[in-house]
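Computed from a predicted structure; not experimentally measured. Both ligands and their constituent atoms are indexed starting at 1 by order of listing.
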Amino acid sequence: MHLLAWNGFNTTGDLRDMSKSEAEIRAEKIRLELHRHAHLYYVESRPEIKDSDYDLLFAELRALELEWPELITNDSPTQRVGAEPQKSFGTAEHSVPMLSLDSTKNLEELVRFDKRIKDTLGNNPEYLLEPKLDGASIELVYEHGVFVRAVTRGNGQVGEVITENAKTISSLPLRLLSSKRVAPETLSVRGEVIMYLSEFEELNQAMLKKGLDPYANPRNSASGSLRQLKSRVTAERPLELMIFDILQCPGLAVESDFEGLEMLKDWGFKIVPEAQVVTTLNEIEEYYRSYEDRRDELDYEIDGVVAKINQLDVREELGNTSHHPRWALALKFEPRKATTRIRKIVVQVGRTGKLTPVADLDPVIVGGVTVSRASLHNREEVERRGVRAGDLVRIQRAGDVIPQVVERIEEENTQRGKEFRIPKNCPACDVEIVERGPFSYCPNRFGCVAQLKAGILHFGSREGLDIEGLGKKNIEKLVDEKLVSEPADLFCLQVEALEELEGFRKKSAENLYRAIQEKKSIDFNRFIYGLGIPEVGVTVAKNLANEFGNLPALQEASIERLESIDGVGSIMSEQIYEYLHNDITSSRISAVLHQGVRLIPPKSSRSSEMAGKTFVFTGKLIRIKRGEAIEAVESVGGKVSGSVSSRTKFLVVGEDPGSKLQKAKNLRVKLLSESEFINKIKQ
Ligand code: IVH
């Protein structure tokens, strides 16, 4: 059933006889039907009507909404794919902190965990067991039964608002079902967004074909897909959502987690498969083993099982540490291993000049993911493992860690390849290699083409400026053709020049041009990360952005001041300082800014106050254009709707307001004048 692929059917002509109030009733009726059938199809896998009948209903609703756009509601099944790409995501605070789980790979730890709980309680608890899905954790919020907001886990307190993208997941209920159980006034739940393994492989193949870098694993592809600025792109990604927890539901009377799951099911959620309540350690172990055995047969990644106390009053009694609840333990599986042969050992030069020996492997599938390279880390590591080209080896892949060569498997009567040696000179620029401890470096910081390529790749990477289409292959071409010799050059690239590159056509040249130009406005933290300062990862980049707010402030910071930032040690602070004051790197930064790149300061807590709130406009705005106003609301994570309803938070009243004003007054919606609105957004 293709819910999203609507063919443009238009029955407007047939609707002329209908009055608006008749249409309103009809539209609501269809919406309810569509919600029910989508649930039967996507969650329960037992459709009651033919796809074509569903499509007809869908088309009728579409036609009604086309004739009377004011009848469109946020939870209408026609609104699964947002029309306008977003500029950036707003942030929002979670209704309750999204903690992580204490985990172990050791079943003995479970015995201690169980004992501790029994000692505290003085009796035996019930455990709820679930598989631990390896995807992206999100919070979904419902108000009056209607889906209003999805937020990524982020740092556990605050996450990114990805409502529009979450809506594209077919099994996400846009409205809670209420036939079995009344929908609560407010509900926030937690679940995991995953990508099925079969679909993940397919997506990666398609990305490779387009010259894009494939995702390393299904978890990265799930979270990457959720963080697309165009919800149209997310809609094309085969995502699935499984819920495992009620985060908040005031007034809800349940005694156990299991009961909570039953409620979630009644409200139409797809819940985690095979939740089971047990009372003994043996049963936990049995559950763990059975999943461990079946792990390779599942079409999704699990990295362990979770044991949680089932009784909610007991949970309350045990409480949480600042990171994780004391009433749950994740039992992780050992990393998956596979056997394959090393074709050759190559040396990669990274953006900091570090040389990494990498084993080129006969491709092998490990846990549903094809692996054809594995890191050998450094010179000493290769020596320790004693591996050479041609050797049979055991490799492992754990979570999103780069696959590793674990050991060589001895074979009889085989002619082995030559012993591996780190080259004396850089394979890219021929400058003599220097050794620091077990690591080898190319010291040619500003003259080595391999370092340059790796640096540009990092600049445009997903966590950096996230420039679509700027993968390894394209960077090779851009640098080799001398079109790019520092990041700023990217912004000067013209379509005509790109078109000349091998493998490019007009369309692909235009796409890359646009993808680059779009990033002329970029979050400050992404920019910091993209610079590729040694050791500065996503978290430190965010901390620096939050702390300093803008580039001049960061550039003025002393080494001591930098060291006071969370996650920055004494060595890192010196490296950051050096990078910002080095003649060449600092002039590269200026060059990027000179190209018109604008750094978006981090959102203050103000923005989270606006996140998820719905704004409606009426009348003519004088000081700003309507489009700018909408953009401003969305940039702080708010939403704009065309009509006033009980969900509207603010009505912005311009000159000559329409009937929305009266409706808003009736519903006691807060009114804002244009200047009040501008002040609010500016804050
Ligand atoms: S319970 C308060 N149950 O694993 C902790 N978590 O660090 C509640 N996860 O990102 C978590 N499957 O999103 C729980 N069945 C499951 C889960 C699960 C996956 C994720 C969770 C979090 C990570 C734990």
query: Under a 4.0 Å heavy-atom limit, does S103 contact ligand 1 with its side chain, its backbone, both, or neither?
result: neither
query: Below 3.5 angstrom, do we get any N/O pair linking K132 and ligand 1?
result: yes
message: Please determine whether any non-hydrogen atom of A328 lies less than 4.0 Å from an atom of ligand 1.
response: no
- request: May I ask you to decide if the ring planes of Y142 and F147 are parallel, tilted or perpendicular, using 30° and 60° as cut-offs?
  value: tilted
query: Atoms of ligand 1 less than 4.0 Å from V306 heavy atoms?
result: 3 (N), 16 (C)
- request: Looking only at distances, please establish whether an N/O atom of ligand 1 is found under 3.5 Å from an N/O atom of P131.
  value: yes
query: If you measure from the Lys or Arg side-chain nitrogens to the Asp or Glu carboxylate oxygens, is any gap between E160 and R227 under 4.0 Å?
result: yes
- prompt: Quick one: does ligand 1 sit under 4.0 Å from the side chain of S100, the backbone, both or neither, non-hydrogen atoms only?
  reply: both
message: Within the 3.5 Å criterion, strictly below it, is a donor on Q248 or T186 matched to an acceptor on the partner's side chain?
response: no
query: What atoms of ligand 1 come within less than 4.0 Å of a heavy atom belonging to S137?
result: 10 (O), 13 (O), 21 (C)
field: Close side-chain approach of F200 to P238, heavy-atom, < 4.5 Å
entry: no
message: Return the closest protein heavy atom for atom 8 (C) of ligand 1 as residue, atom name and distance.
response: R190 NH1, 3.8 Å
query: Taking distance alone, with no angle check, do E192 and ligand 1 share an N/O pair under 3.5 Å?
result: yes
message: Using modelled atom types and a 3.5 Å cut-off, is there a donor and acceptor pairing between side-chain atoms of N217 and backbone atoms of R219?
response: yes
- request: For the residue pair S225 and R237, confirm or rule out a side-chain donor-acceptor distance under 3.5 Å.
  value: yes
task: Among all protein heavy atoms, pick out the one at the shortest distance from atom 16 (C) of ligand 1; state its residue, atom name and that distance to 0.1 Å.
output: E130 OE1, 3.5 Å
- request: Check whether the side chains of N282 and T280 place a donor and an acceptor atom closer than 3.5 Å, and report yes or no.
  value: no
field: Closest protein heavy atom to atom 17 (C) of ligand 1, given as residue, atom name and distance to 0.1 Å
entry: F244 CE2, 3.6 Å
- prompt: Which residue holds the protein heavy atom closest to atom 3 (N) of ligand 1, what is that atom called, and what is the gap in Å?
  reply: K308 NZ, 3.0 Å
- line: d(Y291 OH, E297 CD) to nearest 0.5 Å is 11.5 Å
message: I'd like to know if the side chain of R326 reaches the main chain of L318, judged simply by a donor and an acceptor atom lying under 3.5 Å from each other, with no hydrogens or angles considered.
response: yes
message: Side chain, backbone, both or neither: which applies to L101 and ligand 1 if a contact is any heavy-atom pair less than 4.0 Å apart?
response: both
- prompt: What protein heavy atom sits nearest atom 12 (N) of ligand 1, and how far off is it?
  reply: L133 N, 3.0 Å
Per-atom contacts of ligand 1 with P325, taking only distances under 4.0 Å to non-hydrogen atoms: 2 (C)
query: Is it the side chain (CB and beyond), the backbone, both or neither of H324 that lies under 4.0 Å from ligand 1, heavy atoms counted?
result: neither
- prompt: Pairs in or reaching into residues 273-284: which pass salt bridge (Lys or Arg N to Asp or Glu O under 4.0 Å), with residues at least two apart or in two chains?
  reply: E274-R294
